[in-house]
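Side chains are part of it too, since the values below use all heavy atoms of this structure and drop only hydrogens, waters and symmetry mates.
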Amino acid sequence: MPTILGQNQYGKAENRVVKITRDGATHHIKDLNVSVALSGDMEEVHYSGSNAHVLPTDTTKNTVYAFAKEHGIESAEQFGIHLARHFVTSQEPIKTARIRIEEYAWERIEASDADARSTGAGEVKHSFVRKGQETRLTQITYDGERWEVVSGLKDLVVMNSTNSEFWGYVKDRYTTLKEAYDRILATEVSGRWRFSWTDDEQHMPDWETSYEQVKKHMLQAFAETYSLSLQQTLYQMGARIIDNRSEIDEVRFSLPNKHHFLVDLEPFGLKNATEEGAVYFAADRPYGLIEATVLRDGCEAKIPVDLTNL
């Protein structure tokens with residue numbers, strides 16, 4: 001039976017790039033993991049082994065490092081756009097470039113004599129985010145005419161120690177879960193958001209500001225939503241982003257429910273849940289997994305359902 005070649009791409013994956021920018025005694029760090037995937041007129045290399053249309057993957061690696069020096073790294077998105085445009089416009093056989101970038105955040109270490117920072121009066125007292133845990137993500141796809149920029153984050157662990165309930169659910173012969181009217185709500189956020197910017201004629205977003213603001217609205221929605229389900233909280237997080245950031249058309253979240261169960265202390269003569277607090281067992285598995293897309297009205301969903309492939 002005759003066979004034909006289907007979708008194909010190639011490139012250099014996971015190029016680790018650390019760019020140090022020195023502003024006098026003050027240094028700035030951009031720490032990226034960059035993966036390049038190129039596709040186009042590549043049938044012949046698969047059929048006959050001819051490399052006439054193949055830009056070596058080693059060259060794509062070198063380009064990543066050279067661009068980090070020549071162009072700098074303003075943001076993960078801007079760096080990916082520079083790379084995608086270069087590969088598509090400089091090599092005739094290459095029709096589409098996809099650049100995936102993970103960015104790892106670094107925080108400055110404060111000197112021991114630094115002034116203590118005061119806590120804002122509007123701070124939510126029962127919401128927490130684990131510092132330095134999230135990984136920033138972006139994927140840039142360019143076909144010579146249209147851009148698609150999908151950014152996001154993963155590994156952002158958040159918790160509400162109250163203001164969460166779960167009751168009124170379906171019960172059958174296998175249901176043993178007790179209804180909860182005051183519970184811990186915790187999750188590890190994996191989210192992606194798609195920008196409305198698709199061509200060079202449009203005004204390009206401020207990528208750094210956008211990321212900071214999206215994360216801010218996401219966390220505020222998590223903290224300020226009195227939750228009757230993780231699904232409700234997820235929707236509020238996505239809706240808050242769409243409502244406040246005009247450059248975002250679509251948001252998708254994958255939220256594992258990081259269950260916390262009251263420990264039975266009665267065998268030791270102790271009452272656990274009291275006004276002073278309680279002790280919980282943090283279970284890592286199995287876990288409920290809540291996933292959904294939130295869209296601007298009139299927009300089409302384009303972010304893949306399975307975020308592990310993005």
Problem - Sequence-distant partners of Tyr280, side chain to side chain contact (heavy atoms under 4.5 Å, CB included), two or more places apart - result: Ile184, His260, Leu262, Ala278
Practice task
Please answer whether the main-chain N or O of Glu92 pairs with a side-chain N or O of Lys95 as donor and acceptor at a distance below 3.5 Å.
Solution key: yes
Fill in the blank from the handout: Residue set satisfying side chain to side chain contact (heavy atoms under 4.5 Å, CB included) with His27, at least two apart, ordered chain then number -> Ile20, Arg22
Exercise for the section: Let me know which of Arg16, Lys30, Lys154 forms a salt bridge (charged side-chain N to carboxylate O under 4.0 Å, His left out) with Glu102. Expected result: Lys154
Fill in the blank from the handout: The salt bridge (charged side-chain N to carboxylate O under 4.0 Å, His left out) partners of Lys178 (sequence neighbours excluded) come to none
Practice task
Look up atom CG in Asn257 and atom NE2 in His259, then write down how far apart they are to the nearest 0.5 Å.
Solution key: 4.5 Å
Practice task
Heavy atoms only: give me the nearest Phe79-Ile73 pair and the separation to one decimal.
Solution key: CD1-CG1, 3.9 Å
Practice task
Answer yes if the side chains of Thr59 and Lys61 hold a donor-acceptor pair under 3.5 Å, and no otherwise.
Solution key: no
Fill in the blank from the handout: Contacts satisfying ring-ring contact (aromatic ring centres under 6.0 Å, His included) that involve residues 81-109 (not counting sequence neighbours) are Phe67-His86, His71-His82
Problem - Pairs flagged by salt bridge (charged side-chain N to carboxylate O under 4.0 Å, His left out) wherever residues 228-248 is involved - sequence neighbours left out - result: Glu224-Arg240, Arg245-Glu247
Completion exercise
Value for CG (Leu55) from CG (Asp58), rounded to nearest 0.5 Å, stands at 10.0 Å
Handout entry: Distance-only side-chain donor-acceptor flag, Arg100 / Ser35, under 3.5 Å
Key = no
Fill in the blank from the handout: d(His46 NE2, Ile4 CD1) to nearest 0.5 Å is 13.5 Å
Practice task
List the atom of Val18, the atom of Ile29, and the distance in Å for their closest heavy-atom pair.
Solution key: CG1-CG2, 4.3 Å
Practice task
State which residue, out of Thr135, Leu137, Val214, Val189, fulfils the side-chain contact (heavy atoms from CB on, under 4.5 Å) condition with Leu153.
Solution key: Val189
Problem - Donor + acceptor pair across side chains of Glu165, Tyr226 (<3.5 Å) - result: yes
Exercise for the section: For Arg296, check salt bridge (charged side-chain N to carboxylate O under 4.0 Å, His left out) against everything at least two apart and list the hits. Expected result: Asp249
Problem - Between Glu77 and Ser151: side-chain donor-acceptor atoms closer than 3.5 Å - result: yes
Problem - Pairwise distance CD(Glu134) to CD(Glu103) - rounded to 0.5 angstrom - result: 9.5 Å
Practice task
State which residues pass side-chain hydrogen bond (donor to acceptor under 3.5 Å, both in side chains) with Tyr169; sequence neighbours excluded, sorted by chain then number.
Solution key: none
Problem - Member of Gln220, Gln213, Glu212 meeting the side-chain hydrogen bond (donor to acceptor under 3.5 Å, both in side chains) criterion with Lys216 - result: Gln213
Problem - Main-chain N/O of Leu5 paired to Tyr47 side chain as donor or acceptor, under 3.5 Å - result: yes
Problem - Interatomic distance, Gln78 atom CD to Thr138 atom OG1 [nearest 0.5 angstrom] - result: 11.0 Å
Practice task
Please work out whether the ring planes of Trp197 and Trp207 are parallel, tilted or perpendicular, with thresholds of 30° and 60°.
Solution key: perpendicular
Exercise for the section: Taking salt bridge (charged side-chain N to carboxylate O under 4.0 Å, His left out) as the test, write out the residues that go with Asp306, two or more places apart. Expected result: none
Handout entry: Cluster link Met218 to Leu295, ILVMFWY, side chain under 4.5 Å
Key = no
Handout entry: CD-OG distance between Glu43 and Ser48, expressed to the nearest 0.5 angstrom
Key = 11.0 Å
Practice task
For Thr233 and Thr225, test the side chains for any donor-to-acceptor distance below 3.5 angstrom and give the result as yes or no.
Solution key: no
Practice task
Please check if the side chain of Arg183 supplies one atom and the backbone of Thr162 the other of a donor-acceptor pair under 3.5 Å.
Solution key: no
Practice task
Under the side chain to side chain contact (heavy atoms under 4.5 Å, CB included) rule, what do Ser75 and Arg136 come out as? Steps first, then yes or no, please.
Solution key: CA-CA 11 Å; Ser75 67; Arg136 180 174 169 177; 4.2 Å; yes
Practice task
Would you check if there is a donor-acceptor pair between the side chains of Thr198 and Gln202 at a distance under 3.5 Å?
Solution key: yes
Exercise for the section: Please collect all salt bridge (charged side-chain N to carboxylate O under 4.0 Å, His left out) contacts where either partner lies in residues 189-202, sequence neighbours excluded, each pair once. Expected result: Arg85-Asp200, Arg146-Asp199, Arg194-Glu250
Side-chain donor/acceptor pairs under 3.5 Å, residues 281-290, sequence neighbours excluded:
none

Problem - Donor-acceptor pair between Arg98 and Thr141 side chains, under 3.5 angstrom - result: no
Handout entry: side-chain hydrogen bond (donor to acceptor under 3.5 Å, both in side chains) pairs, two or more places apart, involving residues 267-278
Key = Thr274-Glu276
Handout entry: Residues in ring pair (Phe, Tyr, Trp, His ring centres under 6.0 Å) contact with His217, at least two apart in sequence or another chain
Key = none
